[in-house]
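Let me begin by presenting the structure, written as structure tokens, before commenting on it.
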Protein chains: 2
Amino acid sequence: MTSTDHTSTDTSTDGGTDGGTDGGTDGGTDGGATKGAAGLRPTRQRLAVSAAMETFSDFRSAQEIHQLLTRRGDTVGLATVYRTLQRLADAGEVDRVLTEGGEAVYRSCSTSHHHHMVCRVCGTTVEIEGPEVEDWAHRVAEQHGFTDVSHTLEIFGTCTACA
Amino acid sequence: MTSTDHTSTDTSTDGGTDGGTDGGTDGGTDGGATKGAAGLRPTRQRLAVSAAMETFSDFRSAQEIHQLLTRRGDTVGLATVYRTLQRLADAGEVDRVLTEGGEAVYRSCSTSHHHHMVCRVCGTTVEIEGPEVEDWAHRVAEQHGFTDVSHTLEIFGTCTACA
DNA sequence: GCTCGAGTTGACAACGATTCTCAGCACCAA
DNA sequence: TTGGTGCTGAGAATCGTTGTCAACTCGAGC
């Protein structure tokens, strides 16, 4: 998994996929998907996905979240789940990270810059701040002449419950 | 992209996919794919892939490497490229990391524990060691009661040539 | 209330990276 | 030569994700 860098001003380099379904219909406004920003509607589906994100603290895949919604009686199309999660991630309200197999998983998170420490057995996830790491990353980048620097970091281990 | 943690003793959690093509025919021996270890043969294809890995220093996808091989006149099947790269990665001879889109990319690397600083424009990659980060990660993990700790870290920026 | 335009949905189709399948090949020891 | 094991690769299959588009929803303006 890769942690999400909330302070990064990275724009996605996957132009081919990020044009996506919503590309043509977006007003281009950056706002929270559920916050009534111009052009964005708080639809039942979006509210349901947002609410579902608050019910777990580990990382879940879009399909898992879709199933969770169905079990809650909040039927939302899978494509809509993906879209909504992408919106939430773009808005910094959820973290999107990748499993080792390349699958995207999501988790509600705080908006400050942080990293994740994840139990490799049960998935329990702890948010961690690391000023030392920020300092180090920027220092190292300067040494090599890199500018506009961002980073991702993830810690794995076995939590006390699973040890 | 996610950096590879060479000192990690993680075993893959993707049981479904890692049984793979080679599962049935492997002797189960862990050795360098090109090093004549018991049960593993230095086939033309494996040698070609290994040699190709030494011709570039940025991260390349399996398909890019496949094309590179073809252009060199070393025709190797795509499935074989994937398999061989997986072998090399398992042996710690190449780094396998994921792009933001979830695609696996590979690069020849040193076997010591290191991280990558990658130019987001041209892909130039610099290997970096970070003892401070190791210390920090272990300290933080201890604070939260995590054991058997590993981590991934990647730095992105714009290199001097692209700035 | 009606119309229109913009936003959005969702089932199904499509995509693309990756892995599986299996007949056939390669190699080596007996 | 035989038998066993390792390996290949083209095409099939897999799977997470995204595209498509008809239909729906909503709100502004008349």
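What you are looking at is a predicted structure, and each value in this text was computed from that prediction instead of being measured. Below, read A as the first sequence line, B as the second, and so on, with proteins coming before strands; counting in each chain starts at 1.
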Inspect the contact between A:Glu100 and A:Arg120 and indicate whether a charged nitrogen and a carboxylate oxygen are less than 4.0 angstrom apart. no
Electrostatic pair A:Glu132-A:Arg139, nearest N-O below 4.0 angstrom: no
Give the rounded distance in Å between these two atoms: CZ of A:Arg60 and C1' of D:dT17. 20 Å
Which of parallel (below 30°), tilted (30 to 60°) and perpendicular (above 60°) describes A:His151 and A:His115? tilted
What integer distance in Å separates B:Leu47:CG from D:dT8:P? 10 Å
N or O in side chain of B:Tyr82 less than 4.0 angstrom from C:dT18 OP1/OP2: yes
Contacts to DNA chain C from residues 64-78 of chain B, heavy-atom cutoff under 4.0 Å, which residues? B:Leu78
Evaluate the side-chain proximity of B:Arg107 to B:His116: yes if any heavy-atom separation is below 4.5 Å, no if none is. yes
Length of the CG-P vector between B:Leu40 and C:dC28, whole Å: 14 Å
Determine whether any donor atom in the side chain of B:Arg41 lies under 3.5 Å from an acceptor atom in the base of D:dT5, or the reverse, and answer yes or no. yes
A:Arg46 side chain, from C-beta outward: closest of D:dC7, C:dT18, C:dT9: C:dT9
What pairs with B:Arg72 under salt bridge (Lys or Arg N to Asp or Glu O under 4.0 Å), at least two apart in sequence or on another chain? B:Asp74
Counting only side-chain N and O atoms of B:Thr80, is one of them less than 4.0 Å from OP1 or OP2 of D:dC7? no
Least distance between heavy atoms, B:Val76 atom then B:Ala48 atom: CG2-CB, 4.3 Å
Does A:Thr55 use its side chain to pair, donor to acceptor, with the backbone of A:Ala51 at less than 3.5 Å? no
In whole angstroms, how far is the P atom of D:dT18 from the CG atom of A:Leu85? 10 Å
Send over the distance from B:Gln63 CD to C:dG16 C1', rounded to a whole Å. 8 Å
Judged by each residue's nearest nucleotide on DNA chain C, which is more toward the 5′ side, B:Glu103 or B:Ala79? B:Glu103
Without decimals, in angstroms, what is the distance between A:Arg44 CZ and C:dG10 P? 6 Å
Is there a donor and acceptor pair closer than 3.5 Å between the side chain of B:Arg83 and the base of D:dG9? yes
Can you tell me the distance, in whole Å, between the CG atom of A:Leu98 and the P atom of C:dT18? 12 Å
Using a cut-off of less than 4.0 Å, is there contact between a side-chain N or O of A:Gln45 and OP1 or OP2 of C:dG10? yes
